[in-house]
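A short write-up of the structure that comes next.
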Amino acid sequence: MTDAPEPARPTTFGHGRALALLALTLVFVFGSIAWRGEVIYSYDNGPEVGIPSDERPVIRLYTDLGWWFLPEIQFHLQSDSAGWLPTWSPNNELGRPAAHIAGPSKVFVPSLVLSWLTRDAFVFYTLSFGLAVALTALFGYLLLRSLRLHPAACFAGALSLSLGVLIAYRHWYVMFLWGVCWTTALLWIVTCIRRELTLARALALAFFVHCLLLSAYPQHTVFHAYILVGYTLVGLWRSPLTWSEKVARLAGIGAAVLVGSVAAAPVLADLVATSAASARGQTEFEFFVPGLLAIANPQELFDFVVLWFDAFWYGNPIEQDYPTYFTGLSWSPVVATLVFVALVPRLARRLWPLWLFVLATLTLAVWPAAYRLGWLYGGLHFSRFNPLDGAWIPMILLMAYAADALLRGAAGGRLVRVACVVVPAALTFGCLAASAHPAAWPYVVFGGVVVLLTTAFAWTGRATWLVSAVLVSTLLQADRLILTRKPADIPLTSPLVETIRRATEDGSRLAFVGKNGFVPLPPNHDALLGLRSIHTYNSLTSQRYQDWTLRLSSVGTFSGGRFFTTIISTGGLESDAFDSAGIGALLASTKLPPSVARPFGRNRIVHRVVRPPILEAQVRGFDLVDEDDAVIPGSVRAAQRLSVTRVDNQDDRQRYVLTPFDERTLLFVSQQHHPDWRAFAGEDELATVRIDDFYQGVLVPPQTREVVLRFLPWSRLAWIPQVLFLLAGLATGAHALLGQRLSRRGARGS
């Protein structure tokens, strides 16, 4: 976008005051959470551990925080790993590679730093969200300031960007905010490079790319990539630079992007391999349709307009009794009215690329045929995603430019400016009146106050009204939407959990058996509870794992392979797959054959498996199908076995003492096979194989006494770019300081 001229009218609200007020607002929001001694969590966790909920209202709209983020963070903070980076998670899915995108992993520098401060997953997540908000606000302010917008416009844009409804509502999904954060940082640094390309700026750009790739929601990143490419090209095209200078700037930006991408390559290489082994690429287009807007009747149109303008007019959208489906897509009255000011011809001519992008995302959101083209050819096939979510940054830029024009008196006459605010508000109120859903009048009145403050700003062009409107709106949103609890009110154990721990104290796994929908403990919660299970919640389960679940259950994984929650039917409990799964306890809502399991403890649904679980075995008789696959005839339990003892059981390093034998044997390990598990006997590397098309195996040479298994993915090398970024940053900073000292000495000498 083009830079705005310097403010034409004098103002007492300069950048210093604007930044101070921005910082104080964030301190107030998150300081109040810290003062209360609470952490971000939206429910009491009672059902997650098998006990009743407490008396406090329970809000369970979105469970990703407790079912995915926190268990993964807990694993990364408290894993028993041999190296600096936890890489193999044994708690779910018979073992799987640890997740290194979306922010929980130490490969992401902010998470590495936070891991030095706490080992509590709840505190870690709260700090991570607060840090993401603060950095988003800072980078948003720097971006708008670099575009030479008025300080009040910078404040309004930065605060709306970092704590608007779309962000505050999704406090349970911090990877969404990290995408906004690093994309905003990249827009800022590209703006700076457009004026002058320096080594420090190129290094910052590379680091921001590195962070974006490691922390953001992948589908979100695709939309932001379009924003970044368009912003860079349009900005250079409009700049007063010569063509040779433009080419040089573009080459520098491209080189920095390449460096940042290469720095993320160790993690991305593992991600690509995991994706290739999954069935994600086979997902049909129909899977993505529920993520789009559905406007099939007048009521859905009314809902769209009301939610877009102010989701609070139907009540608090985070509450369970909210009358309509809501995903967080709401701009709030300040943004939703000021963007219409950006339609004034004088502004629209400058801001047409932003409007074009917003129009494109709206087209994708409401027209499935258009989204299908993007799904086929535009990189929109990673996951369900409402395209309008990707327009958050452009909408904030439109709002900030409009606010700047009003502050300068450059947005037309007063009647035009006020109409741009009043008309969308009146239209929304009409939709609210025609809607079948009841209005939440206290919130409507509150929203009306925000509209009046915005109208006063449009009429007068004074910064005070704008700042007041944004502060009032944002503080309400943050207070109502960000859900917190005291750690003591979040149980992580119960009689049920303790019984399971006793039943699986030999290192075995638990499994759920019953009718469809029987999920006594959520998948992936095992890492928080210190348990291990065969179940999962994982968007990238391997195709072999999905096939394996059908050996045990009449219904395997569902929702694109993301979930496996229950063994449906009891026939698979006497199968070879059950014997090989290392299952020691069953939680059952149905009667189990006494030959399989018997009740254990006082909790009636917990059963101890009768036959001892097989966690490892040294097998004499086996068939080698090819160099990568082996088959044990019959079953592991019925095979000819030698004595084997696991003497070291770290998550990513296992050591076994074997029985020396004159012939080659096969070491069976009850976990999911992965090619990055490598086996060693002393200094010699042994061949690993996939047993029965799923389990981990090692071909053991004759007379071998000990085997060490180590999980060695590319991600463990992620420390190298971290160190290189640190050294490069220190060198660049030292060079800048030295240059300043030499300049001062030269000035004194002259």
Side-chain angles (χ1 to χ4, degrees), residues 152-153 156-157 160 164-166 293 295 298-314 329-352 354-359 361-363 365-366 388 391-392 394-435 437 439-441 443-462 465-470 472-473 477:
S160 299
V165 171
L166 195 65
L293 287 179
I295 302 179
Q299 180 58 56
E300 291 178 349
L301 179 61
F302 297 153
D303 287 344
F304 173 73
V305 174
V306 173
L307 297 182
W308 169 81
F309 186 82
D310 190 349
F312 283 91
W313 283 14
Y314 281 154
L329 185 62
S330 178
W331 308 118
S332 79
V334 182
V335 179
T337 54
L338 290 184
V339 292
F340 279 86
V341 177
L343 287 171
V344 172
R346 181 176 177 181
L347 284 174
R349 284 193 295 269
R350 293 173 52 209
L351 303 177
W352 66 264
L354 294 174
W355 280 116
L356 182 63
F357 187 86
V358 171
L359 180 61
T361 57
L362 179 61
T363 302
V366 301
L388 276 174
W392 179 242
M395 289 291 285
I396 295 298
L397 286 173
L398 287 169
M399 170 261 200
Y401 270 106
D404 177 79
L406 290 170
L407 288 160
R408 301 174 192 279
R414 283 183 173 179
L415 292 180
V416 172
R417 302 198 306 258
V418 170
C420 289
V421 175
V422 173
V423 169
L427 175 64
T428 306
F429 191 83
C431 290
L432 178 68
S435 173
H437 304 310
W441 288 108
Y443 283 119
V444 173
V445 171
F446 192 92
V449 171
V450 175
V451 171
L452 288 176
L453 291 172
T454 310
T455 305
F457 167 59
W459 180 264
T460 64
R462 294 187 178 277
W465 295 113
L466 173 64
V467 171
S468 300
V470 172
V472 168
S473 179
Q477 293 161 189

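Just so you know, these numbers use all the heavy atoms, side chains as well, and skip hydrogens, waters and symmetry mates.
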- Query: Is the backbone N or O of Gly412 less than 3.5 Å from a side-chain atom of Arg417, with the two atoms forming a donor-acceptor pair by type?
  - Reply: yes
* Asked: Side chains of Asp310 and Tyr443: donor-acceptor distance under 3.5 Å anywhere?
  -> no
Does some side-chain heavy atom of Leu466 sit less than 4.5 Å from a side-chain heavy atom of Leu338? yes
Tightest non-hydrogen contact, residues Ala336 and Phe309, listed as CB-CD1, 3.7 Å
ask   = With a 4.5 Å limit on heavy-atom distance, are the side chains of Tyr314 and Ser435 in contact?
value = yes
Subject >> Non-hydrogen side-chain atoms of Phe429 and Val444 separated by less than 4.5 Å >> reply: yes
(Q) Do Phe446 and Val472 have side chains that approach each other closer than 4.5 Å (heavy atoms only, starting at C-beta)? (A) yes
Between Ala402 and Val341 the two heavy atoms that sit nearest each other are CB-CB, 3.7 Å
With sequence neighbours left out, the residues meeting side chain to side chain contact (heavy atoms under 4.5 Å, CB included) with Val358 are Ala391, Pro394, Met395, Leu398
With sequence neighbours left out, the residues meeting side chain to side chain donor-acceptor pair (under 3.5 Å) with Ser160 are none
Heavy atoms of Leu407 and Arg462 approach each other most closely as CD2-C, 4.1 Å
By ring pair (Phe, Tyr, Trp, His ring centres under 6.0 Å), Phe304 pairs with (sequence neighbours left out) none
In short, Ser330 meets Ala311 closest at the heavy-atom pair OG-N, 3.3 Å
Practice prompt. Could you tell me whether the side chain of Val423 reaches within less than 4.5 Å of the side chain of Phe340, counting heavy atoms only?
Written response: no
